[in-house]
Amino acid sequence: SLSKNSFPFVIILYVCVLLTSFVPAISTSSRGVKSNNYYVINHNTVPAVLIELGFISNSTDLGIITDADKQKLAAKAIYDAVSEAFNSKK
């Protein structure tokens, strides 16, 4: 089991894996990693990340996030990234 002290390592690993697999999978650009005092992150007992797929106010992003094929690609990339992160922790 992971301790609270190992969260930063795990989260950094998730983010690195997500950015390198997710962004190219749906042909979008990365806006980098942001840090803020998000309730869902700070009041969690397990490692957590928030993934922003795009902005509905941006027509290009809206086209990507409402496209069924892109949604499947995004879901697969997220799944693969999380699987890879957990496998590399072994």
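In this chain, numbering begins with 1 at the start of the sequence shown. Keep in mind that the numbers below use all heavy atoms, side chains included, and drop hydrogens, waters and symmetry copies.
- The line from CD1 of Ile78 to CG of Leu53 is 5.5 Å long, rounded to the nearest 0.5 Å.
- Ile65 CD1 to Gln71 CD: the interatomic distance, rounded to the nearest 0.5 Å, is 8.5 Å.
- Cluster membership for Ile51 and Leu73, using ILVMFWY side-chain heavy atoms within less than 4.5 angstrom, is shared.
- A distance of 10.0 Å separates OH of Tyr39 from CG of Asn44, quoted to the nearest 0.5 Å.
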Give the C-alpha distance, both sets of side-chain angles, the deciding distance and a yes or no for side-chain contact (heavy atoms from CB on, under 4.5 Å) between Ile56 and Asp61.
-> CA-CA 6 Å; Ile56 60 172; Asp61 287 353; over 6 Å; no
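- Note that the CD1 atom of Ile64 and the CG atom of Asp69 stand 12.5 Å from one another [nearest 0.5 Å].
- Thr66 and Leu62 get closest at one heavy-atom pair: OG1-O, 2.6 Å.
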